[in-house]
Every structure is written in C-alpha cells, then in structure tokens.
Amino acid sequence: MRYVSTRGGTPPLGFCEAVAAGLAPDGGLLVPENLPDFGPELAGMRGLSYPHLCHRFLRRFATDIPQAELLTLVERSYARFDRPEVVPFLQLAPELHVLELFHGPSLSFKDIALQLLGNLYARQCALTGAPINVLGATSGDTGAAAIHGLMGRPGVAIFILYPDGLVSPLQERQMACTGADNVYAIAVDGSFDAAQAVLKEILGDGAFRARHRLAAVNSINIARVLAQSVYYLYAWLRLPPAQQQAEFVVPTGNFGNVLAGWMLQKMGVPIRGFRVATNQNDILHRLFTGGEYRVGEVRPSLAPSMDIQVASNFERFLYYSLGRDTQRVCSVMASIARDGAYRFENFDRDTFTSSSCADREILGIIRQVHRAYDYVVDPHTACAFSGIDPSRPAVVLATANPAKFPDTIRDAIGVEPRHPSLEALKGRPVRRHKIVADAAAIRAFIEPRAV
Ligand SMILES: *Cc1c(COP(=O)(O)O)cnc(C)c1O
C-alpha cells in the first residue's frame, strides 16, 4: 500500500515512510492510495482477539512490515492495557452499548494509537540505527499518551510542550512524574495555541530538524487514524444482528477519532452512522447542522481535550468528500486559511449527525448516567451521552477514565474516582522544565539533550 497527499504534491510513500513523515511534504495529510474492502472478510473476523483483529486490519496497510513482525508489534502495543479485552464492550441497556477506550497506560483513548506509534518509531530506530527525537505539543491527553508510548525506549528522546497551568494537575503528573530519563515535560507560558505555534516553528527549521532527526507526534499521523479504525470494527462485530444499525456516538475535538470510523465505513464495514459529539467548542456541530465550517475562539471547558476550533484531521474528510480532487482540496484549504470559513455544498449528511454540549450540562449528564445505569463517565464521554435515546441502538465511545477528572466527577456525584496508576503518581517528584514560549529558547533546551 502506498500513501498519497490530500494536496496531490508528493510522490507516493510506503507505510513506514508515511509514518516517519507525519505531515506530507507538500503540507497536506497522507492517505492510503486506495481503501481495501473488508466486506468479504467480516464473517471470518468474528471472535478474533483485539490484537489479532488489529493485525488482520493493519496488514493491508503496513505492507512493508513483515507479517510476523507486525503481529509482534501489535501484541506489544496492547499488552500494557489493564483489561484482557483491551477495549471492553459493555451493554448499559438493551440497545445502549459503551466501548471503553481508556484502559491503556495513560487512561485515555489516545493510548490506542500512541502505543502503536511508539513501537513503530522504536522499530524505525532499531532498523536504521539512528536515534530520533520526538516533539509534541499537548493540551493534556496526547502528551501523556505519547510519553507512555515512548518512555524508556533506547534511541528515543521525547520533548512535550504544554501550556503551564492549563492542563489538569493529574495530566501534568502523567507527563512530569514518569522518572524516565528520556522524557522532557516542558511547561510554556501562554495557551495551547502558543505552544503549538512554537512547535511548528521548530519543526519548520529544516536544518535543526535534520540535525536532530526530529519527528512530530500529533494527531495527523496516518498510523494513528488506522489504529483507531480497529476499535470501530471490534465493536461492530460484537453488535447483535438486530442492532447493526447502531449509531456510533463519538466525543470529538480534532476529528481524528470519528474520521477513523468513517474511513472504516468506506472500507465495506456497514456502520450506519456517526454522531459527532462536541463540547461548547462546536465548530463541527455547526458544520454538520448548518453546512458552514467557521473557525471560532476556543473557550476552555470541563472537557479540555476537546477544546479545539481547528479540526486538523478535517482535511482528510474534505479529500474524500470532494471525490479525491486534490486541486479542490488545495483551494478549499486556502480559502479556510484566508477567510477562516468555508461553506460546503454537499457532504455525507446521511452518515453524520452532531450535537454540542454546554459546560453547564456536563455535571447533570454525569449524574443522570450514574443514576440510570450505575456507570460513571468522564466529562468528554458525558458530551456523547447528551440527548441519547436509549430506545435506539447506539454505541457510545468512552474516551477517558473518569479518574483523570476527579474534581468534576466529585462535583457531579459526590465521590472521587481513583485509579492506582494515578495514585502512584501523587507520591513521585515532578520533573518539569519551565521555559518561555519562544522557539530559540526551546531549541537551546533541546540542543544538549537530544539523543
Ligand atoms: C483527544 C480526546 C478527544 C477528542 O478526540 P479527537 O480525535 O481530537 O476528535 C475526546 N476525548 C478525550 C478524552 C480525548 O483525549
């Protein structure tokens, strides 16, 4: 399988090259050159364990990794999840299912993709003998998941920038209390956008990037999207036949999670549809209800990992929606960059519904779900329970362990959820590095510490 750019200006790459590149050199996002049809294989996939299902799926994409090695990589990626099923599929009511995606080492759904990406980077390192330095900016969960995917690996150092004071104390501890020598948690002044801008500037410095073999960990790596398609397949295979029309309800920020499901649907898995569940940062809800994509101001919410107003994976959706016409993708992306907005003529309205959930509703939903089903959801998953109709088949994706957000849960139901891995962090020293949000200062920090 080869990978092409949504903007059409990059020669096709192999899977490993696409993973190493992250962003396409022409500024677009990488997508598989064609999408396989899994329809004929579905019957034979029932009953496969999560790692085996993942292998069955990924072997069609990672065609430049020997099959046996790919299986080992996948098994290693999911061995550290704290449930044998990896992603438990629960039934809360006859028609209402929950897919728990938060049993990885950092307790959010980001682990599913980043454990695999960590193994892919480590493999690349081992093959080439050249170390790599991984850089990322985070509003919380991505940084923690990336660190847990890469810490302690030989030949890899990881530098994560986050806005000082704007990630939760537990999220900060997940990044700054690992005790691993190859992890640098860097607190910068300013917003997540400021951290992101510094990161972009550093990655844009070609000489610096080449000298330290920098790799970016962000939400646009194609390996992340593909790794995430697998759990939609896993859940769909477990739906009772009468409920295969279920809608998948997806807490959404960057559009990475739901895009993975939608791409799977295009590969012959008959998922009926998706609900894009946003918090008060509702750019995608406005798109799917009104047809206009208009970038707004981010308003911090109780579901911080969805506090996003530019959905970076959106360009892949656009590419398929525009019939893979790369020239039109370029012109739409240019008009979004110029005007901050774009009005869509037609897109896949049959497949998508959407909702947005105000902060003031989140506590009530957590309380209500707890009362109705004796089940505790985190604030992101709560956004997906907004307006749920228990008489219509649905699969809600649960994206974070509620123990990551103890204050909100306590405010809602009066008890504070705990998790042993988070409790263990509380006794460890914090190793964070406070640096101004300035590319020269961050480069000076990385220079002597890079591997
Ligand atoms: C990242 C994140 C989301 C949003 O996922 P996207 O891929 O950005 O749409 C939702 N919930 C949690 C807990 C997350 O960490």
Side-chain angles (χ1 to χ4, degrees), residues 29 87 98-115 117 136-149 160 162 167-168 170-171 174-175 192 196 217-229 231-232 248-263 274-285 287-288 298 301-317 352 354-357 362 366 376-386 396-405 408-409 417 419:
L29 304 190
V87 290
V98 173
L99 183 67
E100 289 188 343
L101 302 174
F102 54 72
H103 291 286
S106 78
L107 309 181
S108 86
F109 93 97
K110 306 265 188 329
D111 286 323
I112 295 189
L114 287 169
Q115 284 291 313
L117 192 63
T138 185
S139 55
D141 288 334
T142 301
I147 284 171
H148 284 79
I160 295 289
Y162 62 94
V167 304
S168 83
L170 279 175
Q171 284 175 326
Q174 285 187 310
M175 296 188 276
F192 169 66
Q196 183 93 21
V217 55
N218 49 31
S219 67
I220 49 87
N221 200 296
I222 187 64
R224 286 185 68 177
V225 177
L226 295 173
Q228 290 171 183
S229 295
Y231 51 72
Y232 287 90
F248 281 67
V249 189
V250 189
T252 298
N254 251 318
F255 205 67
N257 193 350
V258 67
L259 178 89
W262 185 67
M263 283 181 65
F274 304 91
R275 172 146 65 86
V276 172
T278 70
N279 63 18
Q280 62 193 9
N281 295 295
D282 60 353
I283 178 170
L284 292 170
H285 176 53
L287 167 70
F288 286 112
V298 173
S301 81
L302 291 174
S305 299
M306 292 161 32
D307 288 347
I308 279 156
Q309 279 291 10
V310 183
S312 47
N313 261 296
F314 188 68
E315 187 167 336
R316 288 191 173 107
F317 176 68
F352 289 104
S354 67
S355 60
S356 104
C357 183
I362 288 180
I366 295 173
V376 181
V377 290
D378 87 283
H380 303 80
T381 308
C383 294
F385 273 92
S386 165
V396 174
L397 304 197
T399 51
N401 191 308
K404 283 190 100 164
F405 304 92
T408 306
I409 305 295
H419 189 279

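Counting starts at 1 for both ligands and their atoms, in listed order.
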State whether the shortest distance between N or O atoms of K110 and N or O atoms of ligand 1 falls below 3.5 angstrom. yes
Would you kindly specify which portion of N257 sits under 4.0 Å from ligand 1, judged on non-hydrogen atoms: side chain, backbone, both or neither? both
Numbered atoms and elements of ligand 1 in range of P251, under 4.0 angstrom, heavy atoms: 4 (C), 10 (C)
For the pair K404 and D378, evaluate side-chain contact (heavy atoms from CB on, under 4.5 Å) and give the outcome as yes or no after the intermediate values. CA-CA 8 Å; K404 283 190 100 164; D378 87 283; over 6 Å; no
Could you tell me which atoms of ligand 1, counted from 1 in the order shown, lie closer than 4.0 angstrom to a heavy atom of A400? 13 (C)
What I want to check is whether the side chains of N281 and D307 have a donor and an acceptor closer together than 3.5 Å. yes
If I apply the N/O under 3.5 Å rule, does F109 come out as touching ligand 1? no
Would you say the side-chain atoms of S354 pair up with the backbone N or O of A277, donor to acceptor, closer than 3.5 Å? no
Nearest 0.5 Å, please: how far is CZ in F274 from CG in L397? 9.0 Å
Can you tell me how far the CG atom of L101 sits from the CD atom of Q228, to the nearest 0.5 Å? 9.0 Å
Partner of H380 under side chain to side chain contact (heavy atoms under 4.5 Å, CB included), picked from T399, T252, N279, is T399
Which ligand 1 atoms, with their elements, are less than 4.0 angstrom from a heavy-atom of M306? 3 (C), 4 (C), 10 (C)
Separation between CZ (F109) and OG1 (T381), nearest 0.5 Å, reads 10.0 Å
Only heavy atoms of T252, strictly under 4.0 Å: list the atoms of ligand 1 that pass. 9 (O)
How many angstroms lie between OG in S106 and CG in D141, if you round to the nearest 0.5 Å? 6.5 Å
Short N/O distance, under 3.5 Å, between H380 and ligand 1? no
Which protein heavy atom lies closest to atom 9 (O) of ligand 1, and at what distance to 0.1 Å? G253 N, 2.7 Å
Would you mind listing which atoms of ligand 1 come within a distance below 4.0 Å of any non-hydrogen atom of G256? 6 (P), 7 (O), 9 (O)
Heavy-atom nearest neighbour in the protein, as seen from atom 8 (O) of ligand 1, with distance rounded to 0.1 Å: N254 N, 2.6 Å
From the options T399, N401, L397, select the one whose nearest heavy atom is closest to atom 12 (C) of ligand 1. T399
